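Below: the structure, in structure tokens.
Along the sequence shown, residues carry numbers from 1. For clarity, every value in this text was computed on a predicted model and none was experimentally measured.
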Amino acid sequence: MKPMITYFRISFLLGMLFLFVSSLHSSPVRLSIKEFGAKGNGIEVETELMQQAIDSCSRAGGGTVVIPAGDYLSATLLLKDCVTLYLEAGARLIASDNKELYTVKTNIADTGSKSTPMLIYANGAKNIAIKGEGEIVAQPKYDEFPLAYSGFIADDIAAAKEADIEMTTWRWREPNVTLVYLSNCMDVQISGVRLMHSAFWTLHIHWCERVNIDGIYTYSDLEKGVNADGIDIDGCKNVVIANCIIETADDAICMKTTKGDAGHRNCENVAVSNCILTSSSCALKLGTESYGDFRYITFSNCIVRNTNRGLGIFIRDGGGAEHIVFSNIQMECIRKPVGWWGSADAFRFVVLKRNKQSKIGGIKNVVLNDITAKVEGTSIIAGYAGMQNIEDIKLNNVQICMYPEKTADKRAKEGLVIQNAADISIKDSQIRWYEMNKKWSYNYYIQNVSGVSFHNVVFHSVNGVSPMYIQDSNSVEVKHSRFDVVKKAACVKKGVVNNVVADKSNTYK
């Protein structure tokens with residue numbers, strides 16, 4: 001019997017040894033870039049040493065690559081499957097200003113940039129992360145130029161010319177580095193890090209699924225940082241963005257459906273919440289790159305301060321936007337110089353054509369709930385000229401406080417313009433005028449609209465102008481609302497206006 005017992009004992013011990021060795025092999029590794037010779041003196045470019053650490057971690061089955069305190073110059077780093085890049089407190093990963101060192105560049109249509117270089121890049125990777133308490137930093141340089149004419153901001157330029165304001169803009173020098181560009185990736189986590197001074201889109205998430213961005217901080221020069229968006233979600237699905245603080249010259253958080261050599265994809269199932277945002281452009285935006293559709297996207301519980309535009313949906317390339325919700329957002333919008341897109345308006349939802357060849361898209365099923373906005377500019381809901389392809393828009397408890405623009409080139413006239421639209425509902429809302437501006441006119445300017453309902457809305461007159469203007473529209477209903485003017489002065493009608501109902505539930509001065 002002893003040989004049999006000995007056999008079982010040996011088999012058992014060998015099995016345990018195999019399991020122990022297997023567990024050691026499968027345990028995530030933790031490697032410091034210092035182990036590969038990185039110095040962190042901010043002088044030597046250490047791309048190859050850091051890439052060796054990432055490659056070794058990936059070959060071992062995944063784990064964490066640690067960047068300890070220090071300044072590490074780098075060009076393109078390729079993030080791989082199952083690797084977490086962790087920046088410890090005091091660590092600064094600095095983008096080299098030598099454009100020849102970048103091995104990955106990309107072209108994105110309609111952005112004005114060709115071959116944009118990437119600092120941290122991944123394509124087709126799974127289970128990747130960028131975490132920590134450190135910084136990822138670019139070294140942008142800018143030059144000032146006269147502002148070129150753009151039809152997209154034609155009205156802004158006309159106002160500046162009328163006020164005889166010098167019009168200039170800033171332009172980055174190459175390399176206009178994007179700090180993080182992840183494409184075709186699955187299961188992505190980005191948390192805690194600070195992304196600073198990007199010269200182009202700071203964090204570009206392209207064609208990815210299951211993405212979680214939590215608690216990051218981004219900053220770019222609010223005067224010069226042209227194209228330095230904070231977070232761009234481009235043709236992605238199932239994305240959560242939360243608890244971020246973003247101060248950027250260009251758009252703070254922006255959904256896009258760009259077009260590249262491989263085409264475009266839709267952007268859907270995105271939730272943004274609990275963020276604090278500042279932008280010289282738009283804080284929360286869809287577009288303007290809109291070749292694909294935007295669906296089921298929510299923005300909630302955000303604070304917007306010192307921003308040129310609060311909320312934006314811009315369809316210019318034939319795509320569509322639907323099932324979009326903005327809720328519980330506080331905004332302070334302040335005019336920026338001409339050239340920045342925005343007029344200190346609470347929101348602008350528009351359908352346009354980028355050029356003569358562009359297809360015409362649409363916007364529908366958009367809800368604004370519990371919005372409070374201190375603004376200086378006119379908000380706009382407008383479909384494409386001659387059409388009614390923005391529809392089913394609901395404003396519930398939207399409180400807009402209009403203050404005079406502090407700049408010489410005054411733009412604002414109306415509180416809210418609604419054009420080329422259908423089925424607009426406004427409830428429990430008001431637009432109030434504070435101080436005085438001689439250009440101010442109507443609370444609501446309605447043109448070529450089918451179906452507008454006002455319920456429990458307070459209408460305020462300014463400069464002796466009627467609160468509401470209606471032209472070439474039908475089915476306008478006003479109930480349980482209050483006007484601060486006499487009934488006959490409540491509304492101006494022009495053109496063909498049919499089925500305007502203002503019942504006895506309304507009150508007048």
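- At a cut-off of 3.5 Å, with distance as the only test, no side-chain donor of Asp472 or Asn448 sits close to an acceptor on the other residue.
- Residues satisfying the salt bridge (Lys or Arg N to Asp or Glu O under 4.0 Å) test with Glu414, not counting sequence neighbours, are none.
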Asp345 vs Ser343, side-chain hydrogen bond (donor to acceptor under 3.5 Å, both in side chains): CA-CA, chis, key distance, verdict: CA-CA 5 Å; Asp345 44 305; Ser343 295; 4.6 Å; no
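- Between Glu174 atom CD and Thr116 atom OG1 the span is 8.5 Å, to the nearest 0.5 Å.
- Atom CD1 of residue Ile313 and atom CE of residue Met255 lie 11.0 Å apart, to the nearest 0.5 angstrom.
- With respect to Glu209 and Lys237, no salt bridge is recorded, no charged nitrogen being found less than 4.0 Å from a carboxylate O.
- Separating the CG atom in Asn227 from the CG atom in Asp232 is a distance of 10.0 Å, to the nearest 0.5 Å.
- For the salt bridge (Lys or Arg N to Asp or Glu O under 4.0 Å) test, no residue two or more places apart in sequence or in another chain qualifies with Asp423.
- Results of the salt bridge (Lys or Arg N to Asp or Glu O under 4.0 Å) test with Glu376 over Lys413, Arg335, Lys406, Arg411 single out Lys406 as the only residue that passes.
- A distance-only check finds no donor-acceptor pair linking the side chain of Ser473 to the backbone of Val497 [under 3.5 Å].
- Salt bridge annotation for Glu391-Lys364: absent, with no cationic side-chain nitrogen under 4.0 angstrom from a carboxylate oxygen.
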Asp370/Asn397 under side-chain hydrogen bond (donor to acceptor under 3.5 Å, both in side chains): CA gap, chis, key distance, verdict: CA-CA 5 Å; Asp370 303 323; Asn397 189 26; 2.9 Å; yes
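- Here Leu203 contributes atom CG and Thr218 contributes atom OG1; the two are 8.5 Å apart, rounded to the nearest 0.5 Å.
- Taking the six-membered ring where the residue is Trp, Phe454 and Tyr444 present perpendicular rings, their angle passing 60° and hence far from 30°.
- Scanning all heavy atoms of the two residues, the minimum distance from Lys256 to Asp229 falls at CE-OD2, 3.5 Å.
- Gly377 approaches Met402 most closely through the heavy-atom pair O-SD, 3.4 Å.
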Run the numbers on Lys374 and Glu332 for salt bridge (Lys or Arg N to Asp or Glu O under 4.0 Å), then give the verdict. CA-CA 5 Å; Lys374 178 182 177 182; Glu332 173 199 60; 5.1 Å; no
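- Considering only residues two or more places apart in sequence or on other chains, Trp170 meets the ring-ring contact (aromatic ring centres under 6.0 Å, His included) condition with none of them.
- Between the Ser198 side chain and the Val177 main chain, a donor and an acceptor come within less than 3.5 Å of each other.
- Shown here is Lys105, whose NZ atom has more than 12 heavy atoms of other residues, nucleotides or ligands within 6.0 Å.
- Lys126 and Asp187 are not joined by a salt bridge, as no carboxylate oxygen comes within less than 4.0 angstrom of a charged side-chain nitrogen.
- A parallel orientation is assigned to the rings of Phe347 and Phe349, their planes being inclined by less than 30° (bins at 30° and 60°).
- Closest approach of Ile334 and Ala344 over heavy atoms only: C-CB, 3.5 Å.
- Relative orientation of the His204 and His206 rings is perpendicular, given thresholds of 30° and 60° on the angle between their planes.
- Around NZ of Lys359, the count of heavy atoms belonging to other residues, nucleotides or ligands within 6.0 Å does not exceed 12.
- Taking the six-membered ring where the residue is Trp, Tyr442 and Tyr469 present tilted rings, their angle falling between 30° and 60°.
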In sequence, state the C-alpha distance, the side-chain angles, and the governing distance for Lys336 and Asn306, and then conclude on side-chain hydrogen bond (donor to acceptor under 3.5 Å, both in side chains). CA-CA 9 Å; Lys336 307 300 178 185; Asn306 187 24; 2.4 Å; yes
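- Heavy-atom minimum distance, Ile233 versus Ile213: CD1-CD1, 4.2 Å.
- The closest side-chain heavy-atom distance from Leu286 to Phe299 is below 4.5 Å.
- Rounded to the nearest 0.5 Å, atoms CD (Gln419) and OH (Tyr384) are 13.5 Å apart.
- Applying the 6.0 Å contact sphere to CZ of Arg173 captures more than 12 heavy atoms from other residues, nucleotides or ligands.
- Here the straight-line distance linking atom SG of Cys236 with atom CG of Asn266 works out to 11.5 Å at 0.5 Å rounding.
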